[in-house]
Amino acid sequence: PGMNACIRSICLTAQSLDIEVVGYKAGYIGLLKQDYIALTSNEVYNLLQRGGTVLHSARCEKFKQDEHVKIAAQHLTENEIDGLIVIGGDGTFRGARKLQEFWDKPIIGCPGTIDNDIAGTDYTIGYQTAIQTAVESIDKVRDTAESFERIFLVDVMGREAGFIALNSAISSGADHVILPETFTSAAEELVNILNKLAKRRAYCANSSHIIVVTENLWPGGLNILQDSLHSETGIDVRILTLGHVQRGGSPVWQDRLLATKLGNYALQAMLRGEKGVMAGVKAALPVSVAFEAIDKQEKKLNPYSMEMLDTITLRG
Ligand code: F6P
C-alpha cells in the first residue's frame, strides 16, 4: 500500500519540471522485456488512495545474475533513460545496487515493503497500513476469542523482522507477542506463554488470549504450538493467518504522506546528481542513504516499546 501514491508523486513532480516519465511493468521484469508505458497525469489521476501498484510487481529471479542485470543496463541506455527510481524492498535494493554497477546514470530507491526491514529509514512505504490492517483484524477476532474463551494465535507477516508483530500486538492489546529478534527456543517461549496464561486465568478464568506471532518463526509451524497449548491447558486454540491481506487495501494517511514525500525527494535527489542512494525518512524529513550504507546498519525494534511490553499486559 502506498506504491501508487509514490508513482503519482514522482510523475507529478516530474511534470512540474517538464520531465518525461515512463514506468516499467512489473519492475525488473519489464526492464528486461522492454515493457514500459508512458506515465502522464492521466495515468496517475485518482491513484493516491489505491492499493497495489498500477505498474504491477514481481520477484525477478533473473536479476540475481549479472548477465541479466547488464542487459537491463543496456536497455536503459537504448531507451535514453536519464535516471531510474525503483520502489521496493530488500530484493529491489539488491537489484538496484547491482544495476548501478553497470549503468552510470542515477538510480534512486524508495523503500516500499510492509516489513519495515530496511535500515537507514524510520519507515518503509506500506508498513503503517499493514499494522492498521492487522490491528483491525485482531480487534475482530477478539470478539470470537472472548465469546468462546479461546486462545488465538495470530500469524502476521514481517519476513525475518518483528516490526509488524510488535506494533500490531501493542496497538491491539494482545496478551503476548513472539518476535524473531527475541525468540530463543520453542521450549522457552512455551514456558513464557504458559506462565502468562496461568496468571491471567487465576485472575479471570473465562478470558480469551491473543498471541501475535511473526510468520515462519515457530519451529515446525503454528500447528505445533497450537497442539502444545491445547494439551497443556485444555483450552481451544485457533490459528488466524493474516497473510497477504496485510499487503493490500487503501494506504493509511501516514503511508500516503510518506510515499508522496519520498517520491518527490527521489526525483529531486536525481536532479541533484545523487546516485546509488535510497530516499529514506528520518524524524519526518527525507534523507539520502547510500545503498552500501543500508546493509551495514542494523535496524532495531523500538527499545522503548520493547521495554514497556511486559508492563502493559493484563494479568492477575
Ligand atoms: O517482503 C514482503 C512480504 O510480504 C513478507 O512480509 C512476506 O514474507 C513475503 O513478502 C511474501 O511473499 P510472497 O508474496 O512472494 O508470498
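Numbering of ligands and ligand atoms starts at 1, following listing order.
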With no hydrogens and no angle check, do the side chains of Thr133 and Glu136 hold a donor and an acceptor under 3.5 Å apart? no

Report yes or no: do Thr92 and Tyr28 form a side-chain donor-acceptor pair below 3.5 Å? no

Shortest reach to atom 14 (O) of ligand 1 by a heavy atom, considering only Gln246, Arg247, Arg159: Arg247

Are Lys70 and Glu67 close enough for a salt bridge, meaning some N to O gap below 4.0 Å? no

For atom 15 (O) of ligand 1, what's the nearest protein heavy atom and its distance? Arg59 NE, 2.9 Å

Of the listed options (His244, Glu215, Glu160, Met157), which comes nearest to atom 13 (P) of ligand 1 when hydrogens are ignored and any heavy atom counts? His244

Show the atoms of ligand 1 that are less than 4.0 angstrom away from any heavy atom in Gly158. 6 (O)

Provide the full list of side chain to side chain donor-acceptor pair (under 3.5 Å) pairs with a residue in residues 222-241, sequence neighbours left out, each pair given once. none

Who's the nearest protein heavy-atom neighbour of atom 6 (O) of ligand 1, and how far? Asp115 OD1, 2.6 Å

Contact list for residues 46-63, test side chain to side chain donor-acceptor pair (under 3.5 Å), sequence neighbours left out: Asn46-Gln49, Glu61-Lys64

